[in-house]
Amino acid sequence: MTNSKYIPEEEIQRQMTLCDALYKEIHPRHLTFFVETFGCQMNVRDSETIKGILFRAGYSESESKETADLILFNTCCVRDHAEKRLMGNIGALREQKEANPALIVGICGCMMQQEGMAKKILKRFPHVSLVFGTNVVFRLPQMLAAVLGGERVALTNEEDFAIAEGLPQLRDNVRSAFVNITFGCNNYCTYCIVPFVRGRERSRSMADIRTEVEALCANGITEITLLGQNVNSYANDLEEGSFAELLTLLNDVSNLKRLRFMSSHPKDLNDDVIMAIASNSHVCHHVHLPVQSGNDTILKRMNRKYTRAQYLEIIRKLRAAVPDIEFTTDIIVGFPGETEEMFRDTLSLVEEVGFAAAFTFAYSPRVGTAAAAMHDQVPEEVKKRRLQELNALQVRKTVENNAKYIGYEGEVLIEGCDVRTDETLLYGKYPNIKMVYFPGNPDRVNTYAKVRVLRPSKNSLIGEEIDG
């Protein structure tokens, strides 16, 4: 038994029975849906479940919003610009709704979990008829039936967040898949809204995760990415298990070639995890390890619970255990109270670590977080200038990192193709996250190839396929 709370099986079955009943109404009418996803991989994974439920209810997927009978925006609330972008997208559908009164426009996801947001949306946009949060996706059949009956539905802040197992999924990729191992977060970083909109951390059981991975790999998936706001704290709420043990448990799943994970929190990345990365053959040699700042004072104000020295020690240990490992990171500039000297500490850390890539942001206050109420906010023009300087440094470090790969040979999972006027370039990642482009036939997408690097480019590598 575990401490995690699960939605009762009978409730899941009730929703699926309702879903099957809807099929008889929806499928003969050839209705279609379009889901647009904003934000992180967790939202992408939620959208796969939403699509799976809609597909089981009789909808097919439309290639565009213009031809869809149901349009759903799965939202993110981590950045302020996401809200502005969403409002523009919703407003643009007013005329489409007027032309097709039967059109269902809905909004879901993290943004809808913010206090008062659902009410605000319904008041501002009369053509929106469905609003729901991250914790009630399993109730979509019930909500859809009400909307088709002429109701406007808003379902968000249920008292308890719980895990719903056994929901249908519709995945686009035939070789790679996301698998949730935790939901929510316990860290309460002072800039972050996630614990408020996704709830406290809940871990799935190791058995449920293993069962899902086995089923995916039996159906052609060869690359799995484990998802959690902090994968390293997996199983802290369970009676047994750990993230290191989970990696080892999944490593021998039949047909699995690559096992990835994100994101890692430095305070919980321990020696057992390092050993699991080093000793399990299918665990990829890449760690996304958000540092956020290189200054101890700012890290403390962010409530990150580690120091610069501790972060660098983790980097050192991982490189000692896994020499070809690559690191990516997240960095925030202009956090309240950040002085020029503190910002320079971040630059020096980036210089020292040599990240393969970095996702960089100017601090954006989110209502309800502790940092939003701090008095020493940094002026926007200062944040913009610091972000530009940081990005210029990271570009240089990425180019330096890429240069060491000249002549490197390794296996690539081909993710897509870039059709240009003179040639078609396939692209895909080596196991340690480095992206390489090389000439080839678009039919090769979703297959593996052995590729030799010929030269570096600004953000990636240029190579050639090796015969055989």
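- No hydrogens or angles considered: a donor-acceptor pair under 3.5 Å links the side chains of S233 and N230.
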Inset, instruction - Take E465 and K450 through the salt bridge (Lys or Arg N to Asp or Glu O under 4.0 Å) test and state the conclusion after the steps. - result: CA-CA 6 Å; E465 185 171 0; K450 190 173 183 181; over 6 Å; no
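- Counting only N and O atoms by type, the side chains of N74 and S47 include a donor and acceptor under 3.5 Å apart.
- In this structure, the salt bridge (Lys or Arg N to Asp or Glu O under 4.0 Å) partners of K120, at least two apart in sequence or on a different chain, are E83.
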Inset, instruction - Show the numbers, then the answer: is there a side chain to side chain contact (heavy atoms under 4.5 Å, CB included) between L140 and T49? - result: CA-CA 10 Å; L140 181 54; T49 299; over 6 Å; no
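- Screening residues 171-181 for salt bridge (charged side-chain N to carboxylate O under 4.0 Å, His left out) gives E48-R171, K51-D172, R171-E212 as the qualifying pairs, with residues at least two apart or on separate chains.
- Sorted by first and then second residue, the pairs that involve residues 372-410 and meet ring-ring contact (aromatic ring centres under 6.0 Å, His included), not counting sequence neighbours, are Y405-Y408, Y408-Y430.
- Every residue two or more places apart in sequence or in another chain that forms a salt bridge (Lys or Arg N to Asp or Glu O under 4.0 Å) with E340 is listed here: R344, R385, R386.
- Under the 4.0 Å criterion applied to side-chain N and carboxylate O atoms, E381 and K384 are not assigned as salt-bridge partners.
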Inset, instruction - Please lay out, stage by stage, how K429 and E415 fare under the test side chain to side chain contact (heavy atoms under 4.5 Å, CB included). - result: CA-CA 8 Å; K429 296 185 184 76; E415 299 177 8; 2.9 Å; yes
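- For R198, the salt bridge (Lys or Arg N to Asp or Glu O under 4.0 Å) partners at least two apart in sequence or on another chain are D46.
- Side chain of T369 to backbone of C192: no donor-acceptor contact under 3.5 angstrom is found.
- Residues meeting the side chain to side chain donor-acceptor pair (under 3.5 Å) test with H285, sequence neighbours left out: D324.
- Looking at E338 and K383, no side-chain N of the basic residue comes within less than 4.0 Å of a carboxylate O on the acidic one, giving no salt bridge.
- Within the structure, the salt bridge (charged side-chain N to carboxylate O under 4.0 Å, His left out) test picks out no pair touching residues 282-292 (sequence neighbours left out).
- Judged as a salt bridge (Lys or Arg N to Asp or Glu O under 4.0 Å), and not counting sequence neighbours, the contacts of K317 are D271.
- The salt bridge (charged side-chain N to carboxylate O under 4.0 Å, His left out) analysis of residues 395-410, with sequence neighbours excluded, yields the pairs E326-K404, E351-R396, E351-K397, R396-E400, K397-E400, E409-R452.
- In the model, E9 has no side-chain atom that pairs as donor or acceptor with a side-chain atom of Q13 under 3.5 Å.
- Panel note: side chain D330, backbone T360; no donor-acceptor pair is recorded below 3.5 Å.
- No side-chain N or O of K458 forms a donor-acceptor pair with one of N402 less than 3.5 Å apart.
- Between T328 and H286, the side chains place a donor N or O and an acceptor N or O closer than 3.5 Å (distance only, hydrogens not considered).
- For residues 245-260, the salt bridge (charged side-chain N to carboxylate O under 4.0 Å, His left out) pairs, not counting sequence neighbours, are R210-D252, E223-R258, E223-R260, K257-E411.
- One finds no salt bridge joining R204 and D237 here, because no Lys/Arg side-chain nitrogen approaches an Asp/Glu carboxylate oxygen to under 4.0 Å.
- Judged by distance alone, the side chain of R308 and the main-chain N or O of D345 form a donor-acceptor pair under 3.5 Å.
- Side chain to side chain, D208 and S205 meet the donor-acceptor criterion of an N or O pair below 3.5 Å.
- Residues Q394 and T398 bring a donor and an acceptor atom of their side chains to less than 3.5 Å of each other.
- Side-chain N or O atoms of N255 include none that pairs as donor or acceptor with a backbone N or O of T222 at under 3.5 Å.
- Without hydrogens or angle criteria, T248 side chain to A244 main chain gives a donor-acceptor distance under 3.5 Å.
- More than 12 non-hydrogen atoms from other residues, nucleotides or ligands lie less than 6.0 angstrom from CE of M435.
- Among residues two or more places apart in sequence or in another chain, the ring pair (Phe, Tyr, Trp, His ring centres under 6.0 Å) test is passed with F335 by Y363.
- Screening residues 206-262 for ring-ring contact (aromatic ring centres under 6.0 Å, His included) gives F243-F261 as the qualifying pairs, with residues at least two apart or on separate chains.
- For D268 and N232, the side-chain atoms include no donor-acceptor pair closer than 3.5 Å.
- Residues V231 and L226 come closest through the heavy atom pair CG1-O, 4.1 Å.
- Atoms CZ and CG, from F355 and N401 in turn, are 11.5 Å apart once rounded to the nearest 0.5 Å.
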